[in-house]
Every structure is written in C-alpha cells, then in structure tokens.
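Worksheet: the structure to be examined is printed underneath.
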Amino acid sequence: MQKSLLLPGWGQLAEKRYLEGFLFLGAEIFSLYQIFHNNHKGNSTYDKYRQADNVEDVVRYRELTEDYDRKRNNFILAAVGIRAVNLLDIYVIVKNKEKQKLRLQLQSVDHKGMALTLRYSF
C-alpha cells in the first residue's frame with residue numbers, strides 16, 4: 001500500500017496486476033504532464049497579456065490564460081481522483097489477500113470430538 005501512496009500503480013504492479021498498474025501509472029503520468037504543460041502555457045499567455053498594447057490582444061490573451069488555468073486545475077483534480085481510486089483499489093486488494101492468507105475452520109473429526117484446522121491459502 002505504501003508503494004501506491006508514493007506512485008499510483010506501483011502497488012498493483014508489485015501484486016502482479018499489470019493491467020491495473022499500468023493504467024493507474026499511465027493516467028497519473030498523463031495528468032502530471034498536462035498539469036505542467038497547461039501551467040507553462042498559461043504563464044506564457046499571461047506574460048503576453050501583460051505586454052499587450054491593444055484591447056483586442058488583452059482580451060484574447062486573458063481568455064487564453066484563464067482557459068489554460070482551468071485546464072490545469074481540471075488535471076490537478078483528475079490526478080487527485082486517480083490517487084484516491086488507486087488507494088481504494090490497493091486497499092481492497094490487500095484486504096482480500098489478508099482474508100485468503102489465514103482461515104480458521106472448525107471441523108468434526110467424528111462424533112467424539114472436534115478439531116481445529118488452520119489453513120493457509122496462497
């Protein structure tokens with residue numbers, strides 16, 4: 001679970017759930033790329049907005065800056081959502097794995113007594 005906390009998908013990859021792991025990892029990398037890309041574009045258009053010398057350019061660059069900021073914020077929200085779903089997924093995997101590792105069962109040996117059987121599942 002600690003692996004998935006650091007990098008989404010790492011815990012799934014460690015549990016040999018390759019499809020889930022690569023999906024979470026790919027989605028997180030894509031979101032991070034889009035965050036930085038839109039932040040850079042927003043900063044560039046903001047600089048152009050501040051240097052604009054006519055009303056048309058001011059309005060256009062301000063709208064572009066707001067658009068890039070909105071996209072950046074949406075990808076930040078998506079990255080947080082990916083991490084939340086990833087942690088929920090790995091939590092369920094770990095809980096199911098713990099249930100399978102140790103099971104206690106009471107079994108009747110014959111009509112004279114009971115036996116406690118301890119069974120480990122892999």
Side-chain angles (χ1 to χ4, degrees):
M1 193 153 178
Q2 296 88 352
K3 291 176 182 177
S4 282
L5 188 59
L6 292 174
L7 183 65
W10 190 9
Q12 285 83 353
L13 292 173
E15 291 293 324
K16 296 184 171 105
R17 293 174 172 256
Y18 299 114
L19 180 63
E20 291 174 13
F22 285 121
L23 284 175
F24 281 119
L25 185 60
E28 184 71 9
I29 289 171
F30 178 75
S31 294
L32 289 174
Y33 170 77
Q34 289 296 325
I35 289 167
F36 289 112
H37 173 73
N38 285 302
N39 190 55
H40 174 71
K41 288 287 198 175
N43 289 341
S44 295
T45 55
Y46 183 73
D47 290 339
K48 291 177 183 176
Y49 158 75
R50 291 185 58 176
Q51 296 170 358
D53 56 358
N54 63 57
V55 175
E56 290 174 4
D57 287 343
V58 167
V59 170
R60 184 168 53 103
Y61 288 129
R62 184 62 190 170
E63 287 174 353
L64 283 172
T65 300
E66 289 174 357
D67 186 47
Y68 286 123
D69 288 348
R70 189 173 23 262
K71 287 179 183 177
R72 180 202 59 214
N73 294 341
N74 287 338
F75 279 106
I76 290 171
L77 184 61
V80 169
I82 290 165
R83 284 188 175 266
V85 171
N86 172 64
L87 289 175
L88 181 63
D89 181 59
I90 199 68
Y91 175 78
V92 170
I93 291 169
V94 169
K95 282 296 180 188
N96 287 338
K97 194 173 181 181
E98 287 175 0
K99 285 180 185 177
Q100 291 176 357
K101 277 189 176 179
L102 179 63
R103 292 184 184 172
L104 294 176
Q105 294 180 341
L106 286 176
Q107 293 180 339
S108 173
V109 177
D110 56 24
H111 56 67
K112 295 180 182 177
M114 299 288 286
L116 178 64
T117 303
L118 180 64
R119 185 176 87 186
Y120 289 91
S121 299
F122 296 97

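If you read the sequence from its start, that first residue is 1, and numbering goes on from there.
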I'd like to know if the side chain of Asn39 reaches the main chain of Ile35, judged simply by a donor and an acceptor atom lying under 3.5 Å from each other, with no hydrogens or angles considered.
no
State the CZ-CG distance between Arg17 and Leu13, to the nearest 0.5 angstrom.
11.5 Å
In Å and rounded to the nearest 0.5 Å, what is the CD to CD distance from Gln12 to Glu20?
6.0 Å
Is there a side-chain contact between Asp57 and Asn54, using heavy atoms and a 4.5 Å cut-off?
yes
So which heavy atom on Leu6 is nearest to which on Arg83, and how close?
O-NH2, 3.6 Å
Using distance alone, with no hydrogens and no angle criterion, decide if Asn86 and Asp89 have a side-chain donor and acceptor under 3.5 Å apart.
no
Hphob cluster co-occupancy, Ile29 + Leu7, side-chain heavy atoms under 4.5 angstrom:
yes
Calculate, to the nearest 0.5 Å, the distance between atoms CZ and NE2 belonging to Arg72 and His40 respectively.
13.5 Å
Interatomic distance, Arg62 atom CZ to Arg50 atom CZ [nearest 0.5 angstrom]:
11.0 Å
Can you check whether Phe75 reaches Tyr33 side chain to side chain, under 4.5 Å on heavy atoms?
no
Rounded to the nearest 0.5 Å, how far apart are OG of Ser31 and CG of Leu77?
10.0 Å
Separation of Thr45 OG1 from Glu63 CD (nearest 0.5 Å)
11.5 Å
Looking only at heavy atoms, the pair that brings Glu28 and Ile82 closest together is OE1-CG2, 3.6 Å
Pairwise side-chain contact, Phe24 with Val85, heavy-atom cut-off 4.5 Å (strictly under)
yes
Under 6.0 Å between the ring centres of Tyr49 and Tyr46?
yes
